[in-house]
Amino acid sequence: MPESIVVPDASSYNTAISACDKTGQWHLALSLLNVMPKLRVNPDLISFNSAISACADRWPLALDLARRSRLTPDVVTLNGVISACDKGQEWQLALCFLFGAEVNFRVRPDVISYNAAISSCSKGGRWQAALSLLGAMSLRRLAPNVISFSAAITSCEKGGQWQLALVLLSHMEDADVRPNQISYNSAISACEKAGHWEAALSILSQMRVRPDEISFNACISACEKKGHWELALVLLGQMPQMRVTPGDISCSAVMSALEKGCQWELALVLLGQMPQKAIMPGEICFSAAISACEKGGQWERALSLLSDLRWMRLKPDEISCSSAISACEKCGKWELALLLLSEMPQMRLMPNEVSFGAAISACERAQALL
DNA sequence: CTAGGGTTAG
């Protein structure tokens, strides 16, 4: 019986390249693309577009691929390049590609091109430009969709324009675009970041879709910023009633609120209750609890949490270590502060400004007592 | 299950 040899065709490679994109293995995606011609398989436009997408924030690579393809680019190529600029924090470049698309690529930008460009302006802190793009879409007879509005609302959040975020949210109904959870969550974030917890809670209560964990988490953060730890606890309690399961992030946010309210005991109670609620505390939970102890002058508890964290096979990071060093500093334990600082490299952590700052303060405090 | 866009925590 003759052996049958299966020869992969372009679409097999395309599937593989796409898989590399989804798992963040850009170098593997490029290797696959490079090996195709050697195996007498011609990469097609989908191969290049998938590889461009795999480049993520490496925009020079994405651009190089777009040039090298020698195939006629389509709108997906354009959008992949704009998206690479977006992820690479290059909003000016993103706009150059959007506005130059017809001349340079002979491609007409679509809704996704605009959405990616709005997102890049948002990341670059250019809320005015993001809103101009949203307006320009209608002029170009492109109907903004729920993502266009949500991205524009996010640009308002980044620019501290919470009122504008609310205006955009109400404009969506006029434009016959139904806000989804993400649209509402973006608006809640805008209020949260600007410190308007009342507005954040008002959106939560008026959502026309079921709030999700992120909606609640952003509201909890809004309360946290203004020191309303009681409200943060109330929100956490409301989640199951609304059939939303609180997670690790919800608990971290509540613990931060408790930290601000000097309620370290309650923060530790909450941390202790997490396993019963089937929530696995992550590094950030421990970090929030350590900070709460730091603020409450509980250096022993802070250090014990740091060792619990390692016991749970979580890796301490710069922030949890720095908080523990600060806890020692606040309680006058300068030797312990220095010891922790010196142990950081063994944990493969680079002490940062905060860790050194706390350790230096600890020594200053000791010096003053002499 | 062949390519492009938006949200939360220390």
Side-chain angles (χ1 to χ4, degrees), chain A residues 9-19 21-22 29 44-54 62 65 73-84 86-87 94 107 109-120 122-123 130 133 144-155 157 165 179-190 192-193 200 211-222 224 232 246-257 259 267 281-292 294 305 309 316-323 354:
Chain A
D9 58 2
S11 67
S12 320
Y13 279 96
N14 295 350
T15 308
I17 294 172
S18 167
D21 173 26
K22 292 187 175 80
D44 59 15
L45 193 56
I46 296 182
S47 323
F48 277 96
N49 289 347
S50 307
I52 287 171
S53 165
L65 281 178
D74 64 0
V75 70
V76 179
T77 319
L78 171 71
N79 295 345
V81 169
I82 296 177
S83 169
D86 169 33
K87 296 193 178 93
V107 167
D110 65 5
V111 173
I112 297 182
S113 326
Y114 274 86
N115 291 352
I118 290 173
S119 164
S120 74
S122 166
K123 285 199 187 77
L133 288 175
N145 62 16
V146 64
I147 297 183
S148 325
F149 277 103
S150 303
I153 291 173
T154 298
S155 78
E157 178 228 304
N180 62 14
Q181 289 171 319
I182 298 183
S183 330
Y184 285 111
N185 293 349
S186 304
I188 292 174
S189 285
E192 175 249 314
K193 201 165 180 203
D212 62 7
E213 194 199 329
I214 296 180
S215 324
F216 275 96
N217 294 350
C219 282
I220 291 171
S221 278
E224 177 256 316
D248 172 41
I249 297 182
S250 321
C251 296
S252 303
V254 172
M255 280 194 262
S256 288
E259 176 208 331
E283 294 107 28
I284 296 183
C285 266
F286 276 95
S287 193
I290 292 172
S291 293
E294 175 210 325
L305 284 170
L309 190 158
D317 64 9
E318 288 80 1
I319 299 179
S320 39
C321 278
S322 302
S323 299
V354 183

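Qualifying salt bridge (charged side-chain N to carboxylate O under 4.0 Å, His left out) partners for A/Lys123, counting only residues two or more places apart in sequence or in other chains: A/Asp86.
Residue A/Val81 is classed as having no contact, given no heavy-atom separation below 4.0 Å to the nucleic acid. A/Val75 comes within 4.0 angstrom of a base, heavy atoms only. Backbone-only contact: A/Glu224 has heavy atoms under 4.0 Å from sugar-phosphate atoms and none from a base.
Taking atom CD1 of residue A/Ile290 and atom P of nucleotide B/dG10, one finds them 14 Å apart after rounding to whole Å. Rounded to whole Å, the distance from CG on A/Asn217 to C1' on B/dT7 is 11 Å. What separates CD1 of A/Ile17 from P of B/dT2 is a distance of 13 Å, to the nearest Å. When rounded to the nearest whole Å, the span between CD1 of A/Ile220 and P of B/dG10 equals 12 Å. Nucleotide B/dG10 holds its C1' atom 5 Å from the CD1 atom of A/Ile284, rounded to whole Å. Between the NZ atom of A/Lys193 and the P atom of B/dG6 there is a distance of 16 Å, rounded to whole Å. For the pair A/Ile147 CD1 and B/dG6 C1', the computed distance is 6 Å after rounding to whole Å. Across the protein-nucleic acid pair, A/Asn145 atom CG and B/dG6 atom C1' stand 9 Å apart, rounded to whole Å.
Regarding contacts with the backbone of B/dC1, every side-chain N or O of A/Lys22 stays at 4.0 angstrom or more from both OP1 and OP2. Contact check, A/Ser189 against B/dT7: no side-chain N or O comes under 4.0 Å of OP1 or OP2.
Side-chain atoms of A/Glu283 and A/Ser320 include no donor-acceptor pair closer than 3.5 Å. Defined by atom type and a distance below 3.5 Å, a donor-acceptor pair is present between the side-chain atoms of A/Ser148 and A/Asn145. With 3.5 Å as the limit, one finds no donor-acceptor pair spanning the side chains of A/Asn185 and A/Gln181.
Of the possible polar contacts, none joining the A/Ser18 side chain to the A/Asn14 backbone as a donor-acceptor pair under 3.5 Å is found. Judged purely by atom type and a 3.5 angstrom limit, A/Ser53 has no side-chain atom pairing as donor or acceptor with the backbone of A/Asn49. Between the A/Ser287 side chain and the A/Ile284 main chain, no donor and acceptor come within less than 3.5 Å of each other.
Considering only side-chain atoms of A/Glu192, the nucleotide from B/dG10, B/dA9, B/dA3 that sits closest is B/dA9. For A/Ser186, the listed nucleotide lying nearest its side chain is B/dT7; candidates were B/dG10, B/dT7, B/dT8. Nearest to the side chain of A/Ile182, among B/dG10, B/dG6, B/dA3, sits B/dG6. Listed nucleotides: B/dA3, B/dG10, B/dT2. Nearest to the side chain of A/Ser11: B/dT2. Closest contact between the side chain of A/Glu157 and the listed nucleotides B/dT8, B/dT2, B/dA9 involves B/dT8. When the nucleotides B/dG10, B/dG6, B/dT8 are ranked by their closest atom to the side chain of A/Ser150, B/dG6 comes out on top.
For the segment residues 46-54 of chain A, the set of residues with a heavy atom within less than 4.0 Å of an atom of DNA chain B comprises A/Ile46, A/Asn49, A/Ser50, A/Ser53, in numerical order.
If you check distances only, the side chain of A/Asn185 never reaches the base of B/dG6 with a donor-acceptor pair under 3.5 Å.
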* Dump the intermediate steps for side chain to side chain donor-acceptor pair (under 3.5 Å) on A/Ser186 and A/Ser150, then the final yes or no. => CA-CA 6 Å; A/Ser186 304; A/Ser150 303; 5.0 Å; no
